[in-house]
Amino acid sequence: MADPAEIPADQPQCPSMSGDGLLPPELRAWMLLLAATGSVEQELRSVVKGNLDVSHDEFLVLCLLAEQPKEGLRMTRIAELLGRPKTRLTYQIACLQHAGLVTRQSVCGDKRGIEVALTEKARQLLREASGSLAETVRRGLVQFVGREQRAALNALFPDLAAN
C-alpha cells in the first residue's frame with residue numbers, strides 16, 4: 001500500500017513483504033501482486049458496467065480482441081488466454097454478439113473452429129470509454145501498488161529493476 005493512513009478502515013492491508021511468514025519470497029510476491037490487481041479489478045468492475053454495459057469477464061474478452069488483428073481470434077485461444085472454461089466463454093460470446101459487440105464465424109477449412117472479432121460498434125465504445133477506464137486503472141494502481149508491491153515485482157523480475 002502506498003501509505004497505511006490511506007487504507008480504508010474496512011479494507012485489510014496487503015500481505016507483508018517482511019518475510020515473517022511461511023511463504024518463500026516468490027509466493028509472497030505473487031500474493032502481493034494478486035492483492036493489488038484484485039483491488040484494481042474491483043474498482044474497474046463498476047466503471048466497465050457503467051461505460052460499456054457489459055460484465056467484467058465480457059470486458060476482458062473485448063480487451064483481448066481489441067489487441068488482435070481485425071480477423072479476431074479462435075474461441076479456443078480466447079479461452080486459453082483468459083483461463084476460462086470454453087462453455088462459460090460460449091455464453092459470454094453469445095451475450096457480446098447479442099449486444100452487437102462481436103461477430104462469430106466458422107474458420108475456413110475447420111468445421112469446429114469458431115473465430116470471434118470485434119465489431120465497429122465495440123471498437124467505438126472502447127475508444128470512447130478508454131480514457132475513464134485507463135484513469136480507473138491508474139488510480140487503482142497508485143492506491144494499491146506501493147513500495148512493497150514494487151519490491152515484490154523487482155524480486156520476481158530482477159532484470160526489470162535494471163531497465
Side-chain angles (χ1 to χ4, degrees), residues 1-2 8 10-12 14-15 23 26-146 149-150 152-154 156-157 159-160 163:
M1 289 286 162
D10 63 341
Q11 184 177 357
C14 288
L23 298 178
E26 295 83 2
L27 286 177
R28 196 173 311 110
W30 176 242
M31 293 307 298
L32 281 166
L33 189 58
L34 282 178
T37 58
S39 296
V40 171
E41 193 173 71
Q42 282 300 103
E43 295 281 326
L44 198 55
R45 285 180 191 279
S46 63
V47 177
V48 165
K49 188 65 175 165
N51 288 350
L52 300 173
D53 196 30
V54 297
S55 72
H56 184 72
D57 285 344
E58 292 164 356
F59 171 68
L60 295 178
V61 171
L62 293 176
C63 286
L64 184 60
L65 291 171
E67 293 298 311
Q68 301 303 314
K70 289 210 180 221
E71 302 86 54
L73 284 174
R74 285 178 173 238
M75 284 187 56
T76 53
R77 185 66 179 142
I78 296 170
E80 289 170 0
L81 290 170
L82 294 178
R84 302 289 191 266
K86 291 176 192 168
T87 54
R88 178 74 181 141
L89 182 63
T90 299
Y91 173 76
Q92 292 166 344
I93 297 295
C95 291
L96 290 169
Q97 187 177 21
H98 186 282
L101 300 176
V102 299
T103 59
R104 275 195 295 201
Q105 65 182 19
S106 295
V107 176
C108 185
D110 183 356
K111 287 193 281 187
R112 297 182 307 154
I114 302 292
E115 195 168 72
V116 181
L118 288 181
T119 62
E120 192 50 44
K121 176 183 175 181
R123 290 181 187 286
Q124 185 60 35
L125 272 174
L126 287 170
R127 275 187 217 103
E128 291 169 3
S130 65
S132 64
L133 294 168
E135 177 58 22
T136 301
V137 170
R138 190 198 64 73
R139 250 190 353 262
L141 289 174
V142 165
Q143 182 179 358
F144 296 108
V145 179
Q149 288 80 12
R150 287 191 299 275
L153 284 174
N154 287 336
L156 284 174
F157 304 104
D159 294 341
L160 193 63
N163 293 329

Side-chain donor-acceptor pairs of residues 100-107 under 3.5 Å, sequence neighbours excluded:
{"unit_1": "Arg104", "atom_1": "NE", "unit_2": "Gln97", "atom_2": "OE1", "d": "2.9"}
{"unit_1": "Arg104", "atom_1": "NH2", "unit_2": "Gln97", "atom_2": "OE1", "d": "3.0"}

Restricting to non-hydrogen atoms, name the atom on [X] and the atom on [Y] that form the minimum distance, rounded to 0.1 Å.
X: Leu118; Y: Leu62; value: CD2-CD2, 3.5 Å
X: Ala66; Y: Leu126; value: CB-CD1, 3.8 Å
X: Asn51; Y: Ser132; value: ND2-OG, 2.5 Å
X: Val48; Y: Ser55; value: CG1-O, 4.0 Å
X: Phe59; Y: Val54; value: N-CG2, 4.0 Å

Using a distance-only test with no angle check, is there a side-chain donor-acceptor pair under 3.5 angstrom linking Glu120 and Gln124? no
Using distance only, find each side-chain donor-acceptor pair of residues 87-95 under 3.5 Å and give its atom names and separation, not counting sequence neighbours.
{"unit_1": "Thr90", "atom_1": "OG1", "unit_2": "Lys86", "atom_2": "O", "d": "2.9"}
{"unit_1": "Gln92", "atom_1": "NE2", "unit_2": "Asp57", "atom_2": "OD2", "d": "3.4"}

Exercise. Please test Glu58 against Lys49 for salt bridge (charged side-chain N to carboxylate O under 4.0 Å, His left out), starting from the C-alpha separation and ending with a verdict.
Key: CA-CA 10 Å; Glu58 292 164 356; Lys49 188 65 175 165; over 6 Å; no
Can you tell me how far the [atom1] atom of [X] sits from the [atom2] atom of [Y], to the nearest 0.5 Å?
X: Leu73; Y: Ile114; atom1: CG; atom2: CD1; result: 13.5 Å
X: Gln68; Y: Ile78; atom1: CD; atom2: CD1; result: 8.0 Å
X: Glu41; Y: Leu34; atom1: CD; atom2: CG; result: 10.0 Å
X: Glu71; Y: Leu65; atom1: CD; atom2: CG; result: 12.0 Å
X: Leu27; Y: Leu32; atom1: CG; atom2: CG; result: 11.5 Å

